[in-house]
Protein chains: 2
Amino acid sequence: MSIAPWRSHLASALKKNRNQPHSRYFQLATVRSDGTAANRTVVFRGFLEDTDKLKIITDARSEKITEINNQSWGEICWYFTNTREQFRIVGKITIIDANHHESELQKARESTWQELSDNARIQFVWAHPGKPRANPEAFSPPQPDANKPLDNFCLLLFEPVKVDHLRLRGEPQNRTFYMRDEAGVWDVSEVNP
Amino acid sequence: MSIAPWRSHLASALKKNRNQPHSRYFQLATVRSDGTAANRTVVFRGFLEDTDKLKIITDARSEKITEINNQSWGEICWYFTNTREQFRIVGKITIIDANHHESELQKARESTWQELSDNARIQFVWAHPGKPRANPEAFSPPQPDANKPLDNFCLLLFEPVKVDHLRLRGEPQNRTFYMRDEAGVWDVSEVNP
């Protein structure tokens, strides 16, 4: 598979904004079972090797999982504060949980777990997210095994089909659409901001 | 109406992050007519006087309008980079367009237009957003009247019913839910991050 044409622009944004840790955070919108929108900040964990699929991690106890099981299409909004540019990315999300059958993807789930910091890993043994606040002891469990992912650790793979790249710095601003067809070929067009 | 209990926390975040112009941007998620999520960065234009309704502006030609007409509930995700805190705000969106019948809200639409910069106002006379890129002349029209809003200028009022405030800096992190009941009373609860 060849790399999508928007990838070089995203790589450039990540490079030019790398002095800001928040440049690796983006907002992921999904749809709740009642048909309303949900939106939260998540951390970009890189691309799945040799693909254009973005890696995100989440807890199986998170509401995201229910939402994605119900509607697997989502939209990422990624705003880079230094360079003042935005990527809106429409894509389909696949959940790689402890029971996922593909061994290649289980390997990816495992390596993503191994690459996490201790601080990120320990959150998967904390008390149930969103439930009434637990005692302090519930937040100081023993550190989990750094090699073997906990059962509630999920890898999400976000596969883009449309990218809307807006650069606010132009006069006027510049905006490019990238659209992937059924054959996996990307069409590129300049549009009005 | 009394001011909601999350307002002081939001005001404090705005104050502590005010050296960053992007602290007044947030991501607004809506739902497309095909039931998938949409997400984009918009600018916070303050609260509608004496209410907890957030003001956002948009062009009547924008896809947001179709989406909100179809599903008026949305979610704001507002991440403050200095203080490392996030507000997720669920609410109902009302579109105040040129034909809206309430004169009080037309006044709010008018004053929001008047408070815009020339740069923000001129974008409403630019070529149709998202259409194939127009000639440069389409982006240098005469400056519109600063007093009277153009017909395609819309004010959006976002009325919160639930706020999820996450502060990443705690050890462990702190998270508070605010929920408004039918009578307009806010319930506050501490939950697990």
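Protein chains get the first letters and strands the later ones, always in sequence-line order, with residue 1 at the start of each. Hydrogens, waters and symmetry mates play no part in the numbers below; they use all other heavy atoms, side chains included.
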Under 4.5 Å between side-chain heavy atoms, counting indirect links through other Ile/Leu/Val/Met/Phe/Trp/Tyr residues: same cluster for [X] and [Y] or not?
X: B:L54; Y: B:L48; value: no
X: A:F87; Y: A:L157; value: no
X: A:V163; Y: A:F177; value: no
X: A:I3; Y: A:W6; value: no
X: B:I56; Y: B:I93; value: yes

Residue by residue, scan residues 12-27 of chain A and write down, ordered by number, those that have a heavy-atom distance under 4.5 Å to chain B; if none do, write 'none'.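 Within residues 12-27 of chain A, near chain B: A:H22, A:Y25, A:Q27.
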Considering only heavy atoms, give the residues of residues 115-143 of chain A separated from chain B by less than 4.5 Å, sorted numerically, with 'none' for an empty result.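 Within residues 115-143 of chain A, the residues that come under 4.5 Å of chain B (heavy atoms only) are A:Q123, A:W126, A:A127, A:H128, A:P129, A:G130, A:K131, A:P132, A:R133, A:A134, A:F139.
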Do you know the tightest heavy-atom contact between B:A29 and A:A29? CB-CB, 3.7 Å
Residues, nucleotides or ligands: over 12 heavy atoms within 6.0 Å of A:E63 CD: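 Check fails, neighbour count at 12 or below.
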Chain A contact via B:R61 - side chain, backbone, both or neither, heavy atoms under 4.5 Å: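 Neither part.
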Co-members of B:V90 in a cluster of I, L, V, M, F, W and Y side chains, linked at under 4.5 Å: B:W73, B:V161
Which atoms of A:R88 come close to chain B, meaning under 4.5 Å heavy atom to heavy atom: side chain ones, backbone ones, both, or neither? side chain
Relative to chain B, which segment of A:L28 carries a heavy atom at a distance below 4.5 Å: side chain, backbone, both, or neither? backbone
Against chain A, work out which of B:V31, B:T30, B:L166 has the most heavy-atom pairs shorter than 4.5 Å and name it.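 Going by pairs under 4.5 Å, I would pick B:V31.
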Counting heavy-atom pairs under 4.5 Å to chain A, which of B:T176, B:N174, B:D164 comes out on top?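 Highest number of heavy-atom pairs under 4.5 Å: B:N174.
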Report yes if some heavy atom in the side chain of A:E75 is under 4.5 Å from a heavy atom in the side chain of B:T36; otherwise report no.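 Heavy-atom side-chain distance check fails, nothing below 4.5 Å.
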Output the residues of residues 184-193 of chain B for which the shortest heavy-atom distance to chain A is under 4.5 Å, in residue-number order; output 'none' if no such residue exists.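 Only B:E190, B:V191, B:N192, B:P193 of residues 184-193 of chain B have a heavy atom under 4.5 Å from chain A.
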A:I76 side, atom CD1; B:N39 side, atom CG - distance, nearest 0.5 Å: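 One gets 9.5 Å once the value is rounded to the nearest 0.5 Å.
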